[in-house]
Undergrad: 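Submitted below is the structure of interest, expressed as structure tokens.
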Amino acid sequence: MENKHSGTGNDNATGTATKEVSFLNRIDLSSPDIHQSVSLLKQACLDCGFFYVINHGISEELMEEVFEQNKKFFELPLSEKMKVLRNEKHRGYTPLFDELLDPDNQVHGDYKEGYYIGVEVPEDDPKAEKPFYGPNVWPSDDILPGWRHTMEKYYLEALEVARAIVRIIALALDLEADFFDKPEILGQPLALLRLLKYPGQISDPSNGVYGAGAHTDYGLITLLSTDDVYGLQICKDKYAQPRVWEFIAPLKGAFIVNLGDMLERWSNCLFKSTLHRVLGNGQERYSIAYFVEPSFDCLVECLPTCKSKKNPPKFPPVIYGDYLGQRYKDTHIDLNVYNKLQS
Ligand code: OGA
Ligand code: NI
């Protein structure tokens with residue numbers, strides 16, 4: 001199948017330019033040469049904040065199953081999907097336009113549907129009193145047999161991949177390999193799996209229409225797997241004008257990994273939380289994002305290895321849950337809108 005993606009071009013209305021597909025370093029998790037992995041990863045984090053992870057240990061069968069199940073869910077009638085609509089704990093279905101990632105440049109919300117799955121916390125667990133912690137919602141097993149099982153399996157396996165990657169990141173920041181394994185960071189992670197479908201709509205940046213508006217991710221790292229349809233673009237320098245956008249090529253079986261805002265804060269901007277967006281090209285596109293977030297109470301402040309007298313911290317310390325809550329509030333439709341629509 002031909003992948004329609006634009007080459008070099010300009011988009012004058014928003015003062016942006018697009019370039020051909022960029023090259024990303026590949027981190028091989030099966031490699032015994034940890035020094036090489038650290039060096040490749042560090043280079044990627046300093047340069048563009050995105051890299052591929054290959055040989056990550058999740059089987060091809062599971063990857064395929066997750067994509068098949070993903071597709072089955074989004075093919076359900078809207079009335080069925082609305083039965084598992086996103087709740088106040090950010091679990092469940094997000095319809096088209098639910099999220100608006102770049103309000104300054106978008107005429108309406110993102111042209112995508114999604115489904116959030118998070119860490120399973122029973123309702124009567126004291127932890128469930130906090131935002132973002134609670135039980136998941138699932139489509140009925142009669143309608144999508146095995147769906148929950150597949151997603152739970154993937155959720156756990158992807159978390160192990162994330163743990164392996166953050167060990168390499170810690171080493172690249174001159175920290176102990178287990179730095180991010182602390183209880184307040186990945187001991188009780190707030191990881192969120194987000195299934196995504198971009199319907200076959202053509203984005204129109206000059207008129208503010210996007211699959212997903214320009215944004216950075218919020219947490220530690222994001223593990224993205226995609227089908228083979230182009231769509232994801234990154235902007236290496238978010239402060240440059242005009243902004244230059246480059247397509248990231250899908251790589252079968254690999255994760256596209258990018259750093260979130262907390263790594264930029266921990267590292268005092270040494271590592272980048274890179275701006276990215278998704279353009280629809282007329283083909284349906286499926287992707288699965290796994291946001292690996294520190295725990296809700298984690299205090300994120302500049303690492304001792306990343307500050308000096310000449311280079312003082314650029315950000316004040318922040319409680320991750322506060323940051324995440326604010327970002328979600330800024331970018332998601334108020335749930336009352338749906339309540340009104342349904343009543
Ligand atoms: C995201 C994201 C990219 C994609 O969900 O944060 O950047 O290709 N997704 O779906
Ligand atoms: Ni993103």
Side-chain angles (χ1 to χ4, degrees), residues 3 5 18 21-22 24 48-53 63 66-67 70-71 73-74 86 90-103 105-106 109-118 154-155 158 162 190-201 203 205 210-236 238 245-252 254-264 272-293 323-324 327-328 330-332:
N3 274 314
H5 63 278
T18 51
V21 181
S22 67
L24 294 185
C48 66
F50 271 77
F51 49 90
Y52 294 117
V53 166
M63 286 303 229
V66 175
F67 271 87
N70 188 14
K71 196 160 183 233
F73 174 79
F74 289 116
R86 168 171 71 87
H90 303 284
R91 307 302 171 84
Y93 173 60
T94 56
L96 284 181
F97 311 133
D98 180 77
E99 195 173 18
L100 174 61
L101 281 163
D102 183 15
N105 291 304
Q106 285 177 268
D110 294 351
Y111 212 92
K112 69 180 190 214
E113 298 175 79
Y115 196 97
Y116 283 117
I117 298 164
Y154 183 75
Y155 185 96
L190 239 182
L192 264 185
L193 179 60
R194 191 168 199 203
L195 313 174
L196 290 160
K197 175 187 178 180
Y198 299 88
Q201 195 241 17
S203 292
Y210 297 90
H215 67 283
T216 56
D217 293 348
Y218 313 137
L220 192 55
I221 54 171
T222 305
L223 271 52
L224 181 76
S225 56
T226 73
D227 62 16
D228 59 3
V229 179
Y230 275 75
L232 177 64
Q233 293 188 317
I234 66 169
C235 167
K236 284 187 188 170
K238 52 191 163 201
W245 291 95
E246 298 173 64
F247 278 101
I248 297 288
L251 182 63
K252 194 166 169 44
F255 282 116
I256 298 167
V257 178
N258 64 293
L259 311 182
D261 296 341
M262 293 308 107
L263 263 175
E264 187 167 280
K272 293 186 181 178
S273 167
T274 304
L275 204 59
H276 53 285
R277 67 183 189 183
V278 177
L279 298 189
N281 68 3
Q283 287 173 274
E284 278 185 356
R285 177 173 181 272
Y286 289 89
S287 70
I288 299 176
Y290 189 65
F291 302 108
V292 183
E293 330 256 9
Y323 184 86
L324 188 66
R327 300 302 297 129
Y328 268 65
D330 291 345
T331 53
H332 286 74

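The structure displayed is predicted, hence computed values, not measured ones. Numbering of ligands and ligand atoms starts at 1, following listing order.
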Undergrad: Can you confirm whether Lys238 is buried at NZ, in the sense that more than 12 heavy atoms of other residues, nucleotides or ligands lie under 6.0 Å from that atom?
TA: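 Enclosed.
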
Undergrad: Which residue pairs pass the salt bridge (Lys or Arg N to Asp or Glu O under 4.0 Å) test when at least one of the two sits in residues 211-223, sequence neighbours left out?
TA: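 Those involving residues 211-223 do not exist here.
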
Undergrad: Hey, are Asp98 and Arg86 close enough for a salt bridge, meaning a charged N less than 4.0 Å from a carboxylate O?
TA: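 Salt bridge present between Asp98 and Arg86.
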
Undergrad: Between Tyr210 and Tyr111, does the ring centroid distance fall short of 6.0 Å?
TA: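 Centroid distance Tyr210-Tyr111: not below 6.0 Å, so no.
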
Undergrad: Which of the numbered atoms in ligand 1 are below 4.0 angstrom from a heavy atom of Ser287?
TA: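 Checking each atom against Ser287, I get 4 (C), 8 (O), 10 (O).
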
Undergrad: What do you reckon, does His276 have a nitrogen or oxygen under 3.5 Å from a nitrogen or oxygen of ligand 1?
TA: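 Yes, there is a polar N/O contact under 3.5 Å.
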
Undergrad: Taking side chain as C-beta onward, heavy atoms only, is Asp227 less than 4.5 Å from Lys71?
TA: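 They are not in side-chain contact.
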
Undergrad: Name the closest protein heavy atom to atom 9 (N) of ligand 1, giving the residue it belongs to and the distance to 0.1 Å.
TA: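 Minimum-distance protein heavy atom for atom 9 (N) of ligand 1 reads Tyr198 OH, 3.8 Å.
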
Undergrad: Does the side chain of Arg194 come under 3.5 Å of the side chain of Thr94 through a donor N or O and an acceptor N or O?
TA: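 Short answer, yes.
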
Undergrad: Taking only heavy atoms of Phe291, which atoms of ligand 1 are found under 4.0 Å from at least one of them?
TA: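 Near Phe291, the atoms of ligand 1 are 1 (C), 5 (O), 6 (O).
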
Undergrad: Does the plane of the ring in Phe74 sit parallel, tilted or perpendicular to the ring in Tyr93? Use 30° and 60° as the thresholds.
TA: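 The rings of Phe74 and Tyr93 sit tilted, inter-plane angle from 30° to 60°.
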
Undergrad: For the residue pair Tyr115 and Phe73, does the interplanar ring angle fall in the parallel (under 30°), tilted (30 to 60°) or perpendicular (over 60°) class?
TA: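 The rings of Tyr115 and Phe73 stand perpendicular, inter-plane angle above 60°.
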
Undergrad: Return the closest protein heavy atom for atom 8 (O) of ligand 1 as residue, atom name and distance.
TA: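 The closest one turns out to be Arg285 NH2, 2.8 Å.
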
Undergrad: Any idea how Phe50 and His276 line up, ring-wise: parallel (<30°), tilted (30 to 60°), or perpendicular (>60°)?
TA: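 Answer is perpendicular, since the angle exceeds 60°.
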
Undergrad: Look at the aromatic rings of Tyr116 and His332 and report parallel, tilted or perpendicular, splitting at 30° and 60°.
TA: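 Tilted, since the angle between the ring planes falls between 30° and 60°.
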
Undergrad: Ligand 1 and Lys112, any nitrogen or oxygen pair closer than 3.5 angstrom?
TA: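 No, Lys112 has no N/O under 3.5 Å of an N/O on ligand 1.
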
Undergrad: Determine, considering heavy atoms only, which of Leu279, Asp227, Val278 sits nearest to atom 3 (C) of ligand 1.
TA: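 Selected option, by shortest heavy-atom distance: Val278.
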
Undergrad: Around the Ni ion (ligand 2), how many protein N, O or S atoms are there at under 2.8 Å?
TA: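 For the Ni ion (ligand 2), the figure is 3.
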
Undergrad: Going by heavy-atom distance to atom 2 (C) of ligand 1, choose the closest among Lys197, His215, Arg194.
TA: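 It is His215 that holds the nearest heavy atom.
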
Undergrad: For the pair Phe255 and Tyr154, name the ring-plane relationship: parallel under 30°, tilted 30 to 60°, perpendicular over 60°.
TA: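 Taking Tyr154 first and then Phe255, their aromatic rings sit tilted (interplane angle of 30° to 60°).
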
Undergrad: Suppose I only count heavy atoms of Leu196 and a 4.0 Å limit; which atoms of ligand 1 are within that range?
TA: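 Those qualifying, in numeric order: 5 (O), 10 (O).
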
Undergrad: Once you restrict to heavy atoms under 4.0 Å, what part of Asp217 touches ligand 1? Side chain, backbone, both or neither.
TA: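 For Asp217, the contact with ligand 1 is made by the side chain alone.
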
